[in-house]
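Shown next, in structure tokens, is the structure this report addresses.
As a basis for the values below, the full set of heavy atoms in this structure was taken, side chains included, without hydrogen atoms, waters or symmetry mates. Throughout, protein chains are lettered first and strands after them, A, B, ... in sequence-line order, and every chain is numbered starting at 1.
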Protein chains: 2
Amino acid sequence: MGGEALKGHLDLLLLTSIEAGARHGYAIAEELRRASFGTFDLPDGTIYPALHRLSEAGLLTSEWSEDGRRRRLYTLTAKGRKALERQRASWENFERGVRGVLTLRPTR
Amino acid sequence: MGGEALKGHLDLLLLTSIEAGARHGYAIAEELRRASFGTFDLPDGTIYPALHRLSEAGLLTSEWSEDGRRRRLYTLTAKGRKALERQRASWENFERGVRGVLTLRPTR
DNA sequence: TGGTAACCATCGCAACGCGATGCGCCAAAC
DNA sequence: GTTTGGCGCATCGCGTTGCGATGGTTACCA
């Protein structure tokens, strides 16, 4: 919800979820929904292309699972881990900035 | 900085700054830069079109200043105030969601 | 046997931030 | 007195990106 507030922050969520243990798209979506208290309920059209994009960027590697279920399992690369680190820092800074602005109080 | 993290959150910043007292584009940019500790250093191409958009949406009204300097002075409309209220709530929720996800810790 | 949930993929659109570019005014410095 | 630089606004065009729509396949249970 909320227009396109997610833009630019999706990668952070995805990478975080994968680092935390989630392995395939569907599970990532579930975990994000749960961990965000329902705030991030990402549709397929959002999550799968994003995973492809991250893979193409070299932040993720993937393989097909062997155990019956046809699912693509993702893992962070070294580059992905570094990117996650940066994204985290970037988020902290972003949040700090917004909070700073939000503390502005009317002067009239 | 940081890709396009700002997307979807710009209006909140703009409206907040105007409610806080800033009246014209240039001053808004200055205030945002200051209040965000330098994080939000918005270029012209970002700020002016956004103000036009918000005006067109009925959240702002504007008039040209009389005192020598040619500047467009913005004011929140009632609708704008309500929108700001909603945006604030939306941000709180968004932030809560991200924080929730960020608390995920590796399980391996 | 039929429905539902798990699971993945791709196309195309709309929205938006922002760089580039150009314009006009004013004050101070040279 | 002219150049410089800060103030102040506007518009065009591009690239990125989230997401809805659409269409699959497979597993499980009634």
Side-chain angles (χ1 to χ4, degrees), chain A residues 1-15 17-18 22-34 36 39-57 59-60 62-74 87 90 94 97-98, chain B residues 1-15 17-18 22-34 36 39-57 59-60 62-74 87 90 94 97-98:
Chain A
M1 282 235 158
E4 42 223 70
L6 197 56
K7 250 167 198 173
H9 304 284
L10 178 60
D11 297 359
L12 171 63
L13 302 180
L14 259 23
L15 295 174
S17 171
I18 292 172
R23 287 183 157 77
H24 62 283
Y26 199 87
I28 293 171
E30 267 188 325
E31 186 166 53
L32 289 182
R33 184 167 47 244
R34 205 185 40 75
S36 71
T39 296
F40 301 132
D41 191 4
L42 309 180
D44 292 13
T46 291
I47 194 131
Y48 292 114
L51 288 173
H52 294 337
R53 184 165 41 81
L54 292 174
S55 292
E56 192 135 356
L59 309 190
L60 300 177
S62 68
E63 44 170 341
W64 286 101
S65 75
E66 299 303 333
D67 55 355
R69 219 67 171 119
R70 179 183 162 267
R71 29 168 83 147
R72 194 181 277 279
L73 307 176
Y74 291 92
Q87 299 246 11
S90 178
F94 180 80
V98 174
Chain B
M1 281 238 158
E4 41 222 72
L6 197 56
K7 250 169 197 172
H9 304 285
L10 177 61
D11 296 0
L12 171 63
L13 302 181
L14 259 24
L15 295 174
S17 171
I18 292 173
R23 286 181 157 77
H24 63 283
Y26 199 87
I28 293 172
E30 267 188 324
E31 186 167 53
L32 289 181
R33 183 169 48 246
R34 204 185 40 76
S36 69
T39 296
F40 301 131
D41 192 3
L42 309 181
D44 292 12
T46 290
I47 194 132
Y48 292 112
L51 289 173
H52 293 338
R53 185 166 41 78
L54 292 174
S55 293
E56 192 136 356
L59 308 189
L60 299 178
S62 68
E63 43 170 341
W64 287 102
S65 74
E66 299 302 332
D67 56 354
R69 221 71 170 114
R70 179 182 163 268
R71 27 168 85 147
R72 193 181 277 280
L73 307 177
Y74 291 92
Q87 299 247 11
S90 177
F94 180 80
V98 174

* Asked: Which pair of heavy atoms, one from G8(A) and one from Q87(A), lies closest together, and at what distance?
  -> O-OE1, 4.4 Å
Nucleotide [N], atom [atom2] - distance to [atom1] of [X] in whole Å:
| X | N | atom1 | atom2 | value |
| --- | --- | --- | --- | --- |
| I47(B) | dT11(D) | CD1 | P | 15 Å |
| L10(A) | dG18(D) | CG | P | 5 Å |
| W64(A) | dT26(D) | CH2 | P | 12 Å |
| D44(A) | dT25(D) | CG | C1' | 14 Å |
| H24(B) | dA10(D) | NE2 | P | 12 Å |
| L54(B) | dA15(C) | CG | P | 15 Å |
| L6(B) | dT16(D) | CG | P | 18 Å |
| H52(A) | dT16(D) | NE2 | P | 18 Å |

* Could you pick out which residue, P49(B) or K7(A), lies toward the 5' side of DNA chain C when each is mapped onto its nearest nucleotide? =>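 The residue closer to the strand's 5' end, by nearest nucleotide, is K7(A).
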[X] side chain vs [Y] backbone, donor-acceptor pair below 3.5 Å:
| X | Y | result |
| --- | --- | --- |
| H9(A) | A5(B) | yes |
| S55(B) | L51(B) | yes |
| S17(B) | L14(B) | no |

[N] phosphate, OP1 or OP2, under 4.0 Å from [X] side-chain N/O:
| X | N | result |
| --- | --- | --- |
| T46(A) | dG18(D) | no |
| Y48(B) | dA10(D) | no |
| R53(A) | dG18(D) | yes |
| H9(A) | dG18(D) | no |

* Asked: Should E56(A) and R53(A) count as an ion pair when the cut-off is N to O under 4.0 Å?
  -> no
* How would you label the contact of R72(B) with the nucleic acid (heavy atoms, under 4.0 Å): base, sugar-phosphate, or nothing? ->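 If one applies the 4.0 Å heavy-atom cut-off, R72(B) turns out to touch the sugar-phosphate alone, with no base involved.
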